[in-house]
Amino acid sequence: MFDIHILPIALTIILVGWSSWRFAAGQTELLRERRIWLQGCLCIACGLVLEAQPIVHWRWLSVLSMGLLLGGYQQLALVLSRLQQQRAHYLPGVLLLLLTGLLNTPWLPQAWADSWNAAVLALVYGRLSWLHWQIERAIRQGYPILTTLYGLGTVAFVARLALGLPGGQDQALLDLVEPLLYLFASTATIYGSFGFLMVILRRRTQHLVRETLQDSLTGALNRRGLDETMLQLRQSVPPFRHVAIAMLDVDHFKQVNDRYGHAAGDEVLRQLVRFFCQSLREQDVFARYGGEEFCLLLPGASLADAQRKLDSLREQFAALAIPAGEGVLHCTFSAGLVCWDNAEVNPDKLLHQADDLLYQAKRAGRNCIAVAAEPNHQGY
Ligand SMILES: Nc1nc2c(ncn2[C@@H]2O[C@H](COP(=O)(O)OP(=O)(O)OP(=O)(O)O)[C@@H](O)[C@H]2O)c(=O)[nH]1
């Protein structure tokens with residue numbers, strides 16, 4: 001009897017492969033991957049249908065269906081490893097395909113073919129589970145669903161292999177494992193065919209987020225990104241006891257533009273951002289507030305800590321040689337520093353206060369930091 005349930009599974013896999021192929025059309029760097037993914041999905045779908053067909057009970061057809069299934073899964077694994085910039089090794093895959101073809105031929109016992117097929121599918125599922133674990137970890141997905149599904153599939157194939165081995169043939173257990181194997185394998189295969197689509201959507205979202213929240217010249221957060229970060233900081237659990245906030249401005253920046261040209265001015269801004277990003281902790285935030293003005297957030301830092309840190313950065317930046325045309329130039333910055341240590345205070349008020357202090361620093365001769373008289377208790 002032909003297992004009719006295989007048809008919607010095969011059709012879904014083909015449709016998902018085709019949708020992924022269409023979705024990736026705009027991403028020129030993924031053109032090869034999208035073709036391989038579609039081929040993989042088509043191979044798996046055809047392999048599944050051939051495996052379930054009742055018309056010809058011909059062992060050579062099993063060779064073909066196992067070859068298609070294995071080839072398809074290997075193509076998906078190839079795309080997943082390429083997406084992680086891993087080197088692809090073709091030889092083990094080709095060897096596995098040849099051995100599978102050989103062991104499924106009518107000249108060898110069916111039991112050998114069954115055991116080998118279970119072993120090789122356990123291996124392929126294990127590899128897919130591992131690759132998905134790396135991807136799901138890299139994109140910080142909440143729960144690693146695909147890793148789990150392919151992992152369960154691996155366990156089911158290993159159980160099938162153990163039960164098929166001489167001495168392990170227990171029909172009652174086999175009857176229990178077979179439906180589980182069908183469940184995990186088909187769910188993992190259907191859901192796994194979405195893997196590439198998810199990566200494409202993720203990339204698009206990241207691109208859009210970058211466009212919306214990042215400054216295109218320096219790569220720092222822009223004003224909107226800063227606002228969102230401020231909001232997240234206010235809502236962080238547990239709340240930070242202090243957050244130091246500094247407004248920074250490059251000194252005599254107009255002169256830099258006038259003397260060395262606008263391109264050199266741009267380079268100064270890029271170097272300033274690179275310098276801060278390299279010197280700060282992971283939780284610190286450096287954002288371009290507008291023009292040559294920047295905002296620094298140091299979560300957890302008291303006013304005294306932040307002043308020490310910022311003073312040291314100010315000295316180091318003043319010593320930094322920035323390329324300008326044939327030579328180099330040196331720049332300095334001034335800053336106004338406040339501390340938010342009360343969750344009720346309005347952030348705009350603090351930024352204004354830091355801005356006022358920045359202009360005090362400018363009036364005081366530049367290349368210095370003006371610090372709020374005492375920790376801010378007006379609430380943030
Ligand atoms: N190259 C470059 N220049 C910019 C950019 N944004 C703003 N500027 C320039 O930054 C300069 C800011 O000049 P001012 O506001 O007079 O400040 P300043 O010369 O730095 O003087 P002080 O801040 O008082 O030390 C202006 O000439 C702007 O054109 C940018 O993205 N790239």
Side-chain angles (χ1 to χ4, degrees), residues 206-230 244-280 284-298 303 306-339 347-373 376:
Q206 278 173 346
H207 180 73
L208 286 177
V209 167
R210 255 203 309 276
E211 294 270 294
T212 332
L213 303 180
Q214 263 186 357
D215 166 47
S216 56
L217 176 69
T218 61
L221 281 183
N222 60 19
R223 187 78 165 263
R224 185 190 286 219
L226 177 68
D227 289 345
E228 291 220 350
T229 312
M230 289 278 226
I245 301 178
M247 291 295 284
L248 275 83
D249 186 286
V250 182
D251 297 325
H252 299 304
F253 192 58
K254 189 172 179 316
Q255 285 178 23
V256 174
N257 273 336
D258 293 346
R259 195 176 299 166
Y260 299 96
H262 210 80
D266 286 350
E267 185 57 24
V268 169
L269 300 181
R270 277 193 289 263
Q271 291 278 344
L272 179 79
V273 170
R274 191 174 311 154
F275 168 77
F276 267 86
C277 290
Q278 282 167 357
S279 319
L280 295 174
D284 298 335
V285 178
F286 193 63
R288 189 172 180 192
Y289 198 71
E292 85 291 21
E293 201 166 329
F294 293 83
C295 179
L296 171 66
L297 305 179
L298 298 170
L303 205 58
Q307 187 177 2
R308 261 195 306 277
K309 175 83 187 167
L310 203 53
D311 239 339
S312 144
L313 291 174
R314 183 186 57 74
E315 282 170 14
Q316 289 171 43
F317 183 70
L320 191 76
I322 299 170
E326 300 289 291
V328 293
L329 65 90
H330 292 271
C331 278
T332 58
F333 66 78
S334 306
L337 178 64
V338 295
C339 189
D348 287 339
K349 214 169 167 179
L350 277 173
L351 288 176
H352 271 119
Q353 198 190 347
D355 217 26
D356 288 345
L357 285 164
L358 167 62
Y359 286 97
Q360 274 184 34
K362 292 274 180 183
R363 278 198 299 273
R366 298 178 175 81
N367 190 17
C368 63
I369 301 161
V371 186
N376 194 294

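These numbers come from the heavy atoms of this one structure, side chains and all, not from hydrogens, waters or symmetry mates. One-based numbering, in listed order, for ligands and for the atoms of each. Predicted, not measured: the structure shown is a model, and the values here were computed from it.
Atom-to-atom distance recorded for Leu208:CG and Leu213:CG is 10.0 Å, nearest 0.5 angstrom. Rounding to the nearest 0.5 Å gives a distance of 11.5 Å between CG of Asp355 and CD of Gln360.
Contact atoms of ligand 1 toward Gly291: 6 (N), 7 (C) (distance under 4.0 Å to a heavy atom of the residue). Each of the atoms 1 (N) of ligand 1 lies under 4.0 Å from some heavy atom of Gly265. When each atom of ligand 1 is checked for a heavy atom of Arg366 under 4.0 Å away, the hits are 22 (P), 24 (O), 25 (O). Close approach of ligand 1 to Glu292 is summarised as follows: ligand atoms under 4.0 Å from at least one heavy atom of the residue are 12 (C), 13 (O), 14 (P), 15 (O), 17 (O), 18 (P), 20 (O), 23 (O).
Of the heavy atoms in Arg288, only side-chain atoms (C-beta onward) come closer than 4.0 Å to ligand 1. The proximity of Asp266 to ligand 1, defined as any non-hydrogen pair under 4.0 Å, involves the side chain as well as the backbone. Only the side chain of Leu269 comes within contact range of ligand 1, with a heavy atom under 4.0 Å; no backbone atom does.
In this structure a side-chain-to-backbone donor-acceptor pair under 3.5 Å is present from Arg223 to Tyr289.
For atom 26 (C) of ligand 1, the nearest protein heavy atom is 4.0 Å or more away.
Ring-plane geometry between Phe333 and Phe317 is classed as tilted, the angle between the planes lying from 30 to 60 degrees on a 0 to 90 degree scale.
Contact between Glu267 and ligand 1 is absent, with no heavy atom of the residue lying under 4.0 Å from the ligand.
Remark: ligand 1 and Phe253 share an N or O pair separated by less than 3.5 Å (distance only, no angle test). No N or O atom of Asp251 sits closer than 3.5 Å to an N or O atom of ligand 1. Here's the thing with Val250: one of its N/O atoms is less than 3.5 angstrom from an N/O atom of ligand 1. Ligand 1 has a nitrogen or oxygen under 3.5 angstrom from a nitrogen or oxygen of Asp249.
What you find for Gly291 and Leu269 is that their closest heavy atoms are O-CD1, 4.2 Å. Counting all heavy atoms, side chain and backbone alike, Ile245 lies closest to Cys295 at CG2-SG, 4.2 Å. Residues Cys339 and Leu303 share a closest heavy-atom pair of CB-CD1, 3.5 Å. Taking every heavy atom of both residues into account, Asn222 and Ala287 meet most closely at O-CB, 4.4 Å.
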Evaluation steps, salt bridge (Lys or Arg N to Asp or Glu O under 4.0 Å), between Arg314 and Asp311:
CA-CA 5 Å; Arg314 183 186 57 74; Asp311 239 339; 2.9 Å; yes
Verdict with supporting geometry, Leu313 and Leu280, side chain to side chain contact (heavy atoms under 4.5 Å, CB included):
CA-CA 10 Å; Leu313 291 174; Leu280 295 174; 4.2 Å; yes
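Atom 3 (N) of ligand 1 has its closest protein heavy atom at Asn257 ND2, 2.9 Å. Looking only at protein heavy atoms, the nearest one to atom 13 (O) of ligand 1 is Lys254 CB, 3.7 Å. Here the protein heavy atom with the shortest distance to atom 22 (P) of ligand 1 is Lys362 NZ, 3.5 Å.
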